[in-house]
Every structure is written in C-alpha cells, then in structure tokens.
Amino acid sequence: MVDRELRFPARPTRCSGGATNAGVRAFSVHPGVIDTDLQRHLPLAEQIAMGWTNEDGTPKDPAMYKSPEQGAATSVWAATSPQLAGLGGVHLEDCDIAEMATDPFDMATGGVAEHATDEKDAARLWALSAQLTDVSAF
C-alpha cells in the first residue's frame with residue numbers, strides 16, 4: 001500500500017531524451033489509503049501494526065480512508081491536468097505535486113520520503129528493471 005518507496009516510475013522522463021518532446025511524461029502517483037476489500041488479504045495483526053485498524057477490526061481513523069473514486073482522482077488528474085504540462089518525474093498525491101514527507105511512515109501526513117527522490121537509486125532501479133524485464137525503451 002505504501003507507494004512512497006517506488007523510485008523508478010518517474011525515470012522514463014529523465015532517460016527518454018526526445019520522448020518528453022513527443023508528449024511522453026511519467027509520474028509517481030500515490031492514491032492514498034483506499035477503502036477496498038484488498039485489506040482482507042492482510043492479517044489483522046498487520047493492519048493493527050500499520051495503525052489502520054483497532055483490535056476489534058474497525059478502522060482506527062475512518063477519515064484516513066478514501067473511496068475508490070477518490071483514490072483514482074490523482075491518476076486522472078495526472079493524465080489531464082494542464083498544471084503538469086511540460087513536467088514529468090514528479091511525485092503526485094491528492095491531486096497535487098507532493099511535498100517532502102515530514103514523517104515518511106505516517107500515512108496521515110503524506111508527502112514523499114527523501115529516499116524516494118534519490119537520483120542514483122532511481123537510475124540503478126531503472127537499469128535493473130530494464131535488465132530483469134528485458135525491456136529498455138529508453
């Protein structure tokens with residue numbers, strides 16, 4: 001669920017050379033904590049440890065959860081917003097460009113963890129992904 005650790009989704013924009021001129025852009029999108037049935041696949045103890053659930057199985061902070069529609073909003077915004085024209089390689093959340101996280105483990109405060117913006121790691125992960133998938137588009 002924690003998308004903040006993904007470093008390489010933004011990498012194509014930085015590596016693509018002329019791709020940005022062709023209108024190709026990439027973003028890292030954090031949809032938030034979405035209220036779906038996917039949580040049923042996590043043990044209750046893990047949900048409690050993450051701070052999502054009380055011991056009785058009820059949500060610890062119901063306001064923290066988004067509906068599936070709310071969760072999709074940032075992805076739709078990323079694809080359509082004129083505010084992002086000419087940009088790429090940025091992290092997005094809540095229909096905005098994300099700020100740096102003050103506490104990368106606190107889902108309520110949001111933001112991008114510092115390690116997720118490390119260019120050296122991004123290049124290494126992009127190269128490894130291309131090698132493992134045998135796909136190197138850029």
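Start at 1 with the first residue, then count along the sequence.
Between the side chain of Lys66 and the main chain of Pro31, a donor-acceptor pair closer than 3.5 Å is present. With Glu99 contributing its side chain and Val112 its backbone, the two residues share no donor-acceptor pair below 3.5 Å. In this structure, the side chain of Glu46 does not engage the main chain of Pro43 through any donor-acceptor pair within 3.5 Å. In terms of modelled atom types and a separation under 3.5 Å, the side chain of Gln83 and the main chain of Asp96 share no donor-acceptor contact. No donor-acceptor pair closer than 3.5 Å links the side chain of Thr58 to the backbone N or O of Asn54. No side-chain donor-acceptor contact under 3.5 Å links Gln47 to the backbone of Gly57. Glu114 places no side-chain N or O within donor-acceptor distance of the main-chain N or O of Met100, the cut-off being under 3.5 Å.
A 4.5 Å side-chain heavy-atom check between Gln131 and Trp126 finds every atom pair outside the cut-off.
Placement of Met50 and Met64 within a single hydrophobic cluster is found when ILVMFWY residues are connected by side-chain heavy-atom separations under 4.5 Å, directly or transitively.
Considering Ile34, Thr36, Leu42 as possible partners of Leu38, the one that fulfils the side-chain contact (heavy atoms from CB on, under 4.5 Å) test is Thr36. Considering Thr117, Val29, Ile97 in turn, Thr117 is the only one that fulfils the side-chain contact (heavy atoms from CB on, under 4.5 Å) rule with His91.
Closest of all the heavy-atom pairs between Phe27 and Leu87 is CZ-O, 3.6 Å. A pairwise comparison of heavy atoms in Ala113 and Ala101 identifies N-CB, 4.0 Å as the closest pair. Heavy atoms only, all atoms of each residue included: Leu92 and Ala78 are closest at CD1-CB, 3.4 Å. The two residues Lys60 and Gly51 come nearest to each other via the heavy atoms CD-O, 3.4 Å.
By the 4.0 Å N-to-carboxylate-O rule, Asp118 lies too far from Arg124 to be salt-bridged with it.
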Step by step, work out the side chain to side chain contact (heavy atoms under 4.5 Å, CB included) result for Asp61 and Trp52.
CA-CA 7 Å; Asp61 179 9; Trp52 301 344; over 6 Å; no
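Other residues, nucleotides and ligands contribute more than 12 heavy atoms inside 6.0 Å of the CG atom of Asp56.
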